[in-house]
Amino acid sequence: MRPDLFEAPDYYNIDDLLSEEHKLVRDAARQWVKRSVSPIIEEYAQKAEFPTEIIGGLAEIGAFGPYIPEQYGGAGLDQISYGLIMQEIERGDSGVRSTASVQSSLVMYPIYTYGNEAQRKKYLPKLASGEFMGCFGLTEPNHGSNPSGMETKYKDMGDHYLLNGAKLWISNSPFADIAVVWAKNEEGRIHGLIVERGMEGFTTPETHNKWSLRASATGELIFDNVKVPKENILLGKTGLGAPLGCLDSARYGIAWGAIGAAMDCYDTALRYAKERIQFGKPIAATQLQQKKLAEMITEITKAQLLAFRLGQLKNEGRATTAQISMAKRNNVEMAIKIAREARQVLGGMGITGEYSIMRHMMNLESVITYEGTHDIHLLITGADITGYPAFQ
Ligand code: TGC
Ligand code: FAD
């Protein structure tokens, strides 16, 4: 892969709206991605492996639990800083951002929000430092968009819970030390359980042959009569609202992350278009390529403003699930369209691993599907504005 020459577009001077802390956090993440992700990521994507060597660096830039209080090892930052970190990491690769999203919003968030003090103290500092890696098990083979139908169950055996079932498409599962797993009790009520690697009957087979998110490890979680200690249940919130609350936080991070992928594709295409000479002039001087580039920067700018305003609402505790869905849906679609257009600007070079665009494009096929598909987010907006949920 070529040297990382990335320069972030900021067409509407959105930097003026950021605090000094936001810029410091963002720039530290940006420099780390240039130094530690860009030089190795193509090779890991080609061999379909997660680069475990970057776990320590992710922890150092505050990517594990950015908004978790410092007393539990988190970075104690606000929601805009969290978004900016996700943006910079996804500028490098969506799979790396996935690992950070899962660790922060789908593992640390539920333990912090729904767990008790003993659980917080036991798990959060180790998750923040990367000593423990976590995963989140909601999706099942027969229940993706409709997790309320989940079949994974646990039974109260007196001194422990007995867990049976299976989860599919789980980011980080092949190497995770712990899994936050959503399962129904005998009354059909959903609870979160912390399952630890090494518990008898718990296995995590890897899912192979993905064409997307290849630098992220994806797998299953299989529970065959797993004895889960009673102290591992999360009692702070029950019902489907508990995992959906975690998704609000992760989807918010993706709304920012997708901007990073789009900025990288735009920046690469702009530089290439200025350098590539055809018919005796740079292709950037042709109207057709200018149309592509001008539309890209317009869409990136709109997405940046959407994410920034959502961040302000989130900081004030006022961001709704439907507002988050709108931003996740819009920004991921924006990024995938930009990746497709940017790939064309590079002609044949666009399909090679010399440039990051094709990898972003393929990654974004997962991003537009996980954390609620493009269709589901449209239906969330539809239900919010009409009052009629049309899921069934
Ligand atoms: P519905 O009847 O709407 O709600 C059930 C209960 O939940 C409450 N609720 C929420 N609570 C907190 N936060 C939210 N965002 C909430 N949304 C809903 C709701 O009030 C209700 O509470 P109660 O007390 O009345 O029971 O539920 P539904 O079954 O109709 O489903 C609605 C729907 C389709 C929107 C939801 O199921 C959904 O979002 N489906 C998509 C599934 C999804 O996003 N899965 C993601 C899996 S994790 C993942 O993909 C990680 S990728 C990680 C990575 O690598 O980055
Ligand atoms: P389905 O729900 O079967 O949907 C198939 C199609 O039907 C989609 O186009 C969908 O939009 C459409 N559809 C569904 N319902 C409706 C409806 N009511 N109206 C109209 N259209 C509808 N899950 C986790 O729990 N943890 C993870 O860490 C995780 N990581 C993932 C990593 C990757 C790489 C991928 C690809 C997925 C991951 N997922 C994870 C799972 C992800 O959340 C699901 O794939 C997603 O929620 C969709 O579920 P599904 O694949 O079963 O598709």
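Both counts, for ligands and for their atoms, begin at 1 and track the order of listing. Just so it is clear, the structure is predicted and the values come from calculations on it, not from any experiment. For the single chain, residues carry numbers from 1 onward in sequence order. Just so you know, these numbers use all the heavy atoms, side chains as well, and skip hydrogens, waters and symmetry mates.
For Arg214 and Tyr44, the positive end is not near the middle of the six-membered ring at less than 6.0 Å and at most 45° from its axis. Judged by the 6.0 Å and 45° rule, Arg30 forms no cation-pi pair with Phe6.
Side-chain contact check for Thr381 and Asp384: no donor-acceptor pair (N or O, by modelled atom type) lies under 3.5 Å. Between the side chains of Ser101 and Arg97, at least one donor N or O lies within less than 3.5 Å of an accepting N or O.
In terms of polar-atom proximity, Thr218 is not counted as a contact of ligand 2, lacking any N or O under 3.5 Å from an N or O of the ligand. Polar contact check, Leu379 against ligand 2: no nitrogen or oxygen pair lies under 3.5 Å apart. Where the criterion is an N or O separation shorter than 3.5 Å, residue side chain and backbone included, Thr321 meets it with respect to ligand 1. For ligand 2, one of its N or O atoms has an N or O atom of Phe391 under 3.5 Å away. Any N or O atom pair closer than 3.5 Å counts here, and Ser145 shares at least one such pair with ligand 2. Between Ser366 and ligand 2, no N or O atom pair is found at a separation short of 3.5 Å.
Compare Val102, Thr373, Thr139, Thr99 by their heavy atoms: the one nearest to atom 47 (C) of ligand 1 is in Thr139. Nearest to atom 6 (C) of ligand 1 by heavy atom, out of Gly241, Gly95, Gly144, Ser104, is Gly241. Nearest to atom 56 (O) of ligand 1 by heavy-atom distance, out of Ser94, Ser98, Ala242, Ser171, is Ser98. Here the shortest heavy-atom distance to atom 13 (N) of ligand 1, taken over Pro243, Pro147, Gly245, Ala383, belongs to Gly245. For the residues Leu247, Thr99, Thr139, Val180, the heavy atom positioned nearest atom 24 (C) of ligand 2 is part of Thr139. Among Leu244, Leu106, Leu240, the residue whose heavy atom sits closest to atom 38 (C) of ligand 1 is Leu244.
Counting heavy atoms closer than 4.0 Å to ligand 1, residue Trp169 contributes nothing at all. Contact annotation: for Leu379 versus ligand 1, there are no heavy atoms closer than 4.0 Å. Contact annotation for Arg251 and ligand 1: only side-chain heavy atoms (C-beta onward) come within less than 4.0 Å of the ligand.
Under a 4.0 Å criterion applied to the non-hydrogen atoms of Arg97, ligand 1 contributes the atoms 56 (O). Within ligand 1, the atoms closer than 4.0 Å to a non-hydrogen atom of Phe391 are 34 (C), 35 (C), numbered from 1 in the order shown.
Looking from atom 45 (O) of ligand 2 to the surrounding protein, the closest heavy atom is Thr369 CG2, 3.9 Å. Tyr370 CG, 3.5 Å is the protein heavy atom nearest to atom 52 (S) of ligand 1.
Of the protein's heavy atoms, none falls inside 4.0 Å of atom 7 (O) of ligand 2. Under the 4.0 Å distance rule, the nearest protein heavy atom to atom 34 (C) of ligand 1 falls inside the cut-off. In this structure, atom 25 (O) of ligand 1 has no protein heavy-atom contact shorter than 4.0 Å.
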message: What verdict does the salt bridge (charged side-chain N to carboxylate O under 4.0 Å, His left out) test give for Lys291 and Glu295, after you've listed the backbone C-alpha separation in whole Å, the side-chain angles of each residue and the deciding distance to 0.1 Å?
response: CA-CA 6 Å; Lys291 177 177 189 292; Glu295 286 176 352; 3.0 Å; yes
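Within the 3.5 Å criterion, the main-chain N or O of Ile368 finds no donor-acceptor partner in the side chain of His377.
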